[in-house]
Amino acid sequence: NPYAGLVSQLRASWLSGKTRPMEYRVAQLEALGRFLDEKKQEILEATELDMGKPSFEAFFSEILLCKNELNVTLNNLCHWMKDEHVDKNLVMQLDSAFIRKDPYGVVLIIAPWNYPIHLFLVPLIGAIAAGNCAIIKPSEISKHTERLVAETLSCYLDSDCFAVVTGGVPETTLLLENKFDYIFFTGSPPVGRIVMTAAAKHLTPVTLELGGKNPCYVSDTCDVNNVARRVAWGRFFNAGQTCIAPDYLLCTVEMQDKLMPALRAAITEFFGPNPRESPDFGRIVSDKQFRRIRALLGSGRVAIGGQTDEAERYIAPTVLADVQPSDPAMQEEIFGPILPIVVIANMDEAIDFINARPRPLAIYAFSCDSKVVNQVLERTSSGGFCGNDTLMHVTLTSLPFGGIGNSGLGKYHGKFTFDTFSHHRGCLHRNMGLETLNTPRYPPYTQQKLGLLTSTFEVKRRGTCTLL
Amino acid sequence: MERMQQIVGRARAAFNSGRSRPLQFRIQQLKALERMVQEKEKEILAALKADLNKSGPSASSHEILGVLNELVLAMEKLPSWAAPHPVKKDLLTMRDKAYIGYEPLGVVLVIGAWNYPFVLVMQPLIGAIAAGNAVVVKPSEVSENTAQLVAELLPQYLDKDLYAVVTGGVPETTELLTQRFDHILYTGSSAVGKIVMAAAAKHLTPVTLELGGKSPCYIDKDCDLTVACRRITWGKYMNCGQTCIAPDYILCDPSIQSKVVENIKATLKEFYGEDVKSSPDYERIINKRHFKRILGLLEGQKIAHGGETDEASCFIAPTILTDVSPESKVMEEEIFGPVLPIVTVKSVEEAIEFINLREKPLALYVFSNNKQLIRRVISETSSGGMTANDVIMHSLVQDLPFGGVGHSGMGAYHGRYSFETFSHRRACLIKDLRWEVVNKLRYPPGSTEVMRL
């Protein structure tokens, strides 16, 4: 196996204990910060070449959000690393019971192409903070960013403990044959299954950040203009290539009619009369993805946009009206700048529609009536939920970010990333004295001993008491 | 096997009905479980005696007491565990509601093991019910009396559709694992753990695997040997060594090896009397297959104490092996029996290196008066959990997560951790539809001025 040597080299570094001291972890994290600062231009350029990512968007998602995560981690690392002491029962009052945060060892981070810096860097922050060594496998599809990461990251991070592996499916398959102590994967559900199956061979725990079709319900009582802006922003960010983008809209036929001009206005406000000329609208990452998304245009009827240019891999911000559940656009995660609207009669029908489908990464609901928002929240299940906006729930580092069912397992962001990459080890440090207190547990067993054990170990309901 | 599909289908339909969501319902089911344990205590003890020759007090303290404690904790804490947890907001979300909601996962599968057959299905079941799920329970067929009893009792006390028991062996479990679950908690061997995880991968089902390994026990020269050996003897030979967190083998300096043996011998006499076989407190090996397996581990070993066996009753006497070679068979697999090998090491460094060369164990033990040494062993090794100056006890602290790492498992449960294992933590952000002016900052057209902001 071509990567076995690399993995054992990293494992040797891990066993040497190099990554354990807080100072080391802080130094590596600060180096990551310098990478973001010094390579900012290169990152903006690479992502523009890869998918026409507007520099405003790239700055926001690839630099700003990453620096936030870095700062939250640096500000709190000392506290997160500390042993967590827990409550003890009567018998253990003189003992010390605590949870230790142990690193796992050598971890593998597999990143996708749509936010190619963010989606390896934010997991990496947690992996380093938790004291692990890591192999990073960026996506070969965002090839300019892949090259940038492969060539420059090693100038910042300790190459004894951190490595970048490049390649496509065959290379990743070979990489996955090695034993890792944790695997963090962001990508599609089918590949998620392959990763978890490979991990099972070594009993490697995994976090899978996958995808799905994120529904967006718009009730009849809402401020149409604000809804249109927020939905359009979330849908067309990165030309729709966002795992938490609102994938399709559910609303009544009356709301569809009201929304259409508002959506048109929002799109014009954002991208001008010809989005193709706007520096703020991205492109599709590859010819294969372009052709896949273009084929979805045959769903419903094109109410806004619909123009495409294969040479540029440009697909206009598009809204499809009157889409049927059986249409192509409703069969797969769109991952492109197309917003289908599926007409339903009322909120209950919308909720049933959502619940009849695999659980998505995010659910959105828009209404001036908070009861409606709460109903959708309470009667559905998804990785995360945002009421009256799109995407924003993942920018708050105190909220966990992850899927459920087909949209993934595990979570990260903020402290959750640190927790993901650390093993929470239950520790009890007992006193060698007071051996007489242990007598009730030893054979020969008697009812009297059992009675004593019960009274010292028992958890009683509040409001009851034993008369000794 | 349509039967499996039907059972899981019924559980899913029952979950989708929504009746397991209200806290009141869950608490009512937990109360019913509590009644079951209290009313059927005699039957439970009888099943454990039939399966493992567990004595009444032993079964009560190791299986029943723990279950009752877990029930009381869950019923008491459920409202606070299940309440939405507000989170710290930032500048952009100041005016919004941001919290983590705890939601049930759906239909979960609990696969039990045979060594503590009652508590190892009950404790996960309690957490799964508390979290609002439907549960399919598959007790180990090896501890057949307890499996039978659980299959009979649960439907008498709990909602029959939401909580189902499936009995059977490998073929039934394999069939069950083809169904889609929303979480699987498996207790058993690492080998089968891999099979469970691979089956779960097909459905992207998260798993908690409580596996095993060889839990090392390092005895420092600087410690109270009498106390240390008594505690080790207790943890090693309880349930006839068939405990996932039993101290599997001892590491110590050659100079104290014989003293360790003497102390353990003396303690054994104290615990089980002169004739261990006739002590009501000494269990038996679960079946002939394991009996033969453990017997095989004794081949070629220096038996310092014990070694007597009786196949008819699956009896193996408490046994100590000295000067054991690290390459011998008894040091390759988890012993899971009343055989205690002692491997000599010259220093704590050697002990740590020895431990780190092997798979990460479920538990790790170190005995020493030297706090620095203990801290060193903890920080230079990895294990599911650990206890210093005792054995087993970390698993009895309600607020400590109980689980493995590496080959000894993934995920954790017990107490609040059971509830969290079986819940989905859903990030919720509820914004206002007004205050659009704040959002204008993020909308295109972007400009360099705004970026500098």
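A note on names: the letters A, B, ... follow the listed sequences, proteins ahead of strands, and every chain is numbered from 1. Reckoned from all heavy atoms, side chains included, excluding hydrogens, waters and symmetry mates.
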Side chain, backbone, both or neither: which part of D181(A) has a heavy atom under 4.5 Å from chain B?
side chain
Sort N226(A) into side chain, backbone, both or neither according to what part of it lies under 4.5 angstrom from a heavy atom of chain B.
both
Under 4.5 Å from a heavy atom of chain B, the part of P54(A) involved
neither
Partner chain A: residue of T267(B), D432(B), N356(B), L209(B) with the largest heavy-atom pair count (under 4.5 Å)
D432(B)
Salt bridge D182(B)-R359(A), side-chain N to carboxylate O under 4.0 Å:
yes
Could you check S381(A) against E103(B) for side chain to side chain contact (heavy atoms under 4.5 Å, CB included), going step by step and ending with a plain yes or no?
CA-CA 8 Å; S381(A) 179; E103(B) 302 177 358; 4.1 Å; yes
Hey, are the side chains of C223(B) and M432(A) touching, using non-hydrogen atoms and a 4.5 Å cut-off?
yes
Measuring only between side-chain heavy atoms, which start at C-beta, is F270(A) closer than 4.5 Å to P445(B)?
no
Apply side chain to side chain contact (heavy atoms under 4.5 Å, CB included) to L204(B) and R193(A), showing your working.
CA-CA 6 Å; L204(B) 290 169; R193(A) 277 189 197 90; 3.8 Å; yes
I'd like to know which of E380(B), K360(B), E70(B), H203(B) tops the heavy-atom pair count under 4.5 Å against chain A.
K360(B)
Proximity breakdown for T381(B) and chain A, heavy-atom pairs closer than 4.5 Å:
both
For F271(B) versus P443(A), what's the shortest heavy-atom pair and its separation?
CD2-O, 3.3 Å
Heavy-atom cut-off 4.5 Å, strictly under: side chain, backbone, both or neither for N355(A) against chain B?
neither
Counting N and O atoms only, with roles assigned by atom type, does the side chain of N389(B) sit under 3.5 Å from a partner on the main chain of R430(A), one being a donor and the other an acceptor?
yes
With a 4.5 Å cut-off on heavy-atom pairs, point out which of H423(A), R20(A), H393(A) contacts chain B the most.
H423(A)
Looking at D389(A) and K431(B), would you say the former's side chain and the latter's main chain have a donor-acceptor pair under 3.5 Å?
no
Hydrogens and angles aside, do R100(A) and S382(B) bring a side-chain donor and acceptor to less than 3.5 Å of each other?
no
Pick whichever of L399(A), L409(A), L453(A) has the most heavy-atom pairs under 4.5 Å with chain B.
L399(A)
Closest non-hydrogen atoms of P400(A) and A427(B), given as atom of the first, atom of the second and distance, are O-CB, 3.2 Å
Backbone of I404(A) reached by a side-chain donor or acceptor of H424(B) within 3.5 Å:
no
Portion of A412(B) that has a non-hydrogen atom of chain A nearer than 4.5 angstrom
neither
For A199(B), is it the side chain, the backbone, both, or neither that has a heavy atom closer than 4.5 Å to a heavy atom of chain A?
neither
Looking only at heavy atoms, what is the nearest atom pair of L396(A) and A98(B), with distance?
CD2-CB, 3.6 Å
Winner by heavy-atom pair count (cut-off under 4.5 Å) against chain B, out of E57(A), R230(A), M196(A):
R230(A)
Which of V366(B), I378(B), D224(B), V397(B) touches chain A most, by non-hydrogen pairs under 4.5 Å
I378(B)
Is the closest basic N to carboxylate O distance between D390(B) and R441(A) below 4.0 Å?
yes
Engaged part of K179(A) at the chain B interface, taking heavy atoms whose separation is under 4.5 Å:
side chain
Engaged part of N439(B) at the chain A interface, taking heavy atoms whose separation is under 4.5 Å
side chain
Stepwise side chain to side chain contact (heavy atoms under 4.5 Å, CB included) test for F385(A) and L429(B):
CA-CA 6 Å; F385(A) 179 93; L429(B) 180 66; over 6 Å; no
Proximity breakdown for F281(A) and chain B, heavy-atom pairs closer than 4.5 Å
neither
Side chain, backbone, both or neither: which part of E359(B) has a non-hydrogen atom closer than 4.5 Å to chain A?
side chain
Pairing donors with acceptors under 3.5 angstrom, does anything connect the side chains of T395(A) and R442(B)?
no
Given a strict heavy-atom distance threshold of 4.5 Å, which part of T204(A) is in contact with chain B: side chain, backbone, both, or neither?
backbone
Proximal component of S278(A), with respect to chain B [non-hydrogen, under 4.5 Å]:
neither
Atom of F416(A), atom of I100(B) and distance for their closest heavy-atom approach
CZ-CD1, 3.8 Å
Mind ranking K88(B), R230(B), R180(B) by heavy-atom pairs under 4.5 Å with chain A and telling me who comes out on top?
R230(B)
State, yes or no, whether a side-chain contact exists between P57(B) and K449(A) at a heavy-atom distance under 4.5 Å.
no
Tell me, for K201(A) versus chain B, whether the close heavy atoms (under 4.5 Å) come from the side chain, the backbone, both or neither.
backbone
Chi angles and distances behind the side chain to side chain contact (heavy atoms under 4.5 Å, CB included) call for H424(A), Y417(B):
CA-CA 11 Å; H424(A) 291 219; Y417(B) 296 96; 5.8 Å; no
Below 4.5 Å from any heavy atom of chain B, which atoms of S382(A) appear? Answer side chain, backbone, both or neither.
both
Side chain, backbone, both or neither: which part of L450(A) has an atom under 4.5 Å from a heavy atom of chain B?
side chain
For E436(B), does the CD atom sit with more than 12 other heavy atoms under 6.0 Å from it, leaving out its own atoms?
yes
Using a strict 4.0 Å threshold on nitrogen-to-oxygen distance, state whether R21(B) and E378(A) make a salt bridge.
no
Under a 4.5 Å cutoff for heavy-atom pairs, which residue among M197(B), R426(B), K194(B) has the most contacts with chain A?
R426(B)
Whatever's closer than 4.5 Å to a heavy atom in chain B on F237(A) counts as neither
What part of Y99(B) gets closer than 4.5 Å to chain A, counting heavy atoms only: side chain, backbone, both or neither?
both
Using non-hydrogen atoms only, which part of I363(A) is less than 4.5 Å away from chain B: side chain, backbone, both, or neither?
side chain
Which bit of S279(B) comes within less than 4.5 Å of chain A, counting heavy atoms only: side chain, backbone, both or neither?
neither
By a 4.5 Å heavy-atom criterion (distance strictly below it), what part of H183(B) contacts chain A: side chain, backbone, both, or neither?
neither
Report yes or no: does D280(A) contribute a side-chain atom to a donor-acceptor pair with the main-chain N or O of P444(B) at less than 3.5 Å?
no
Exam field: side chain R425(A) to backbone G384(B), donor-acceptor pair closer than 3.5 Å
no
Among the listed options S408(B), G101(B), S190(B), S395(B), the residue most often paired with chain A at heavy-atom distances under 4.5 Å:
S190(B)
Would you say M392(A) and L92(B) make side-chain contact, with heavy atoms under 4.5 Å?
yes
Among V227(A), L210(A), I99(A), V195(A), which residue has the highest count of heavy-atom pairs closer than 4.5 Å to chain B?
I99(A)
Side chain, backbone, both or neither: which part of L433(B) has a non-hydrogen atom closer than 4.5 Å to chain A?
both
Tell me, for N438(A) versus chain B, whether the close heavy atoms (under 4.5 Å) come from the side chain, the backbone, both or neither.
side chain
Student check: side-chain heavy atoms of H429(A) and M386(B) closer than 4.5 Å:
no
For the pair W234(B) and Y442(A), name the ring-plane relationship: parallel under 30°, tilted 30 to 60°, perpendicular over 60°.
perpendicular
